[in-house]
Amino acid sequence: MLDTLFTQIALLFVVAIGVFAFWKGGEAERLGMGAWVLGWMAAMLIQQDGMLYVNFQIGLFLLDAAMLAVFVGLAWRYRRSWPVWAGACQLVILTSHVAFPLAKAAPMDAFYTVLNLAGYGILIAIGVGTFWAWQDRRAAGLE
């Protein structure tokens, strides 16, 4: 998984956002980042490696549906905008699980590109939400 320079640099980005969210984020940001990290680890365990995306992977689909439910719950519970954006990116991921097996002409590289870019969109949403929560606390004199 971490065999290329690109994936190692991407992991640095993930770790930086994670440390920032757990260090300066509020409860919503910590829950969102914690769920994302747990989901990422669970995806590494349940995905079917060694084969191309030949058939529908129900485990990953259900995991991504659970992640969408987490972001919807965060948007419902905490009046923040970043869970809405993260949920939108997660919905793109969930839709691609259904769309790409149906679209026989689409290459699988496009599927993986959608998953990666939407995942980075989720991380950016969490990072921006963490920054806003941190600045709100600083402006209120709580930090």
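Quick note: numbers below take in every heavy atom, side chains included, and nothing from hydrogens, waters or symmetry partners.
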I need the single residue from Thr130, Ile126, Ile124 that forms a side-chain contact (heavy atoms from CB on, under 4.5 Å) with Val128. Which is it?
Ile124
Just jot down the ring-ring contact (aromatic ring centres under 6.0 Å, His included) partners of Phe61, sequence neighbours excluded, or say none.
Phe56
Tell me whether Leu38 is reachable from Met44 by hopping between hydrophobic residues (I, L, V, M, F, W, Y) whose side-chain heavy atoms are closer than 4.5 Å.
yes
The reported gap from CZ in Phe131 to CZ in Phe20 (rounded to nearest 0.5 angstrom) is 6.5 Å
Does atom CZ of Arg77 have more than 12 heavy-atom neighbours from other groups under 6.0 Å away?
no
Under 4.5 Å between any side-chain heavy atoms of Leu45 and Met41, yes or no?
no
To the nearest 0.5 angstrom, please state how far the CG atom of Leu74 sits from the CZ atom of Arg79.
13.5 Å
Contact between Ile93 and Val114 at the side-chain level, heavy atoms closer than 4.5 Å - yes or no?
no
Rounded distance [0.5 Å steps], CG in Leu68 versus CG in Leu91
5.5 Å
Distance-minimising heavy-atom pair for Ala133 and Gly26
CB-N, 4.2 Å
Please enumerate all residues that pass side-chain hydrogen bond (donor to acceptor under 3.5 Å, both in side chains) together with Trp134, with sequence neighbours excluded.
Glu143
Are Leu94 and Val98 co-members of a hydrophobic cluster defined by side-chain heavy atoms under 4.5 Å apart?
yes
Heavy-atom pair of closest approach, residues Ser81 and Trp132
OG-CZ3, 3.3 Å
Where Ala86 and Ile122 come nearest, the two heavy atoms and their spacing
O-CG1, 3.6 Å
Please tell me if the side chains of Leu123 and Met33 come closer than 4.5 Å, counting only heavy atoms from C-beta onward.
yes
Residue pair Ser96 / Leu115: nearest heavy atoms and the distance that separates them
OG-CD2, 3.6 Å
Separation of Lys24 NZ from Gln135 CD (nearest 0.5 Å):
9.5 Å
NZ/NE/NH1/NH2 to OD/OE distance under 4.0 Å, Arg80 and Glu29
yes
Any pair counted as side chain to side chain donor-acceptor pair (under 3.5 Å), so long as it reaches residues 58-76, sequence neighbours left out:
Asp64-Gln90, Asp64-His97
What heavy-atom pair brings Asp109 and Thr113 nearest, and what distance separates the two atoms?
O-OG1, 2.7 Å
Do the non-hydrogen side-chain atoms of Trp36 and Ile17 ever get within less than 4.5 Å of each other?
no
Give the minimum heavy-atom separation between Trp82 and Gly129, together with the two atoms involved.
CD1-CA, 3.5 Å
Checking the side chain of Arg30 only, and the main-chain atoms of Phe22 only, is there a donor and an acceptor separated by less than 3.5 Å?
yes
Nearest 0.5 Å, please: how far is CG in Leu117 from OH in Tyr112?
15.0 Å
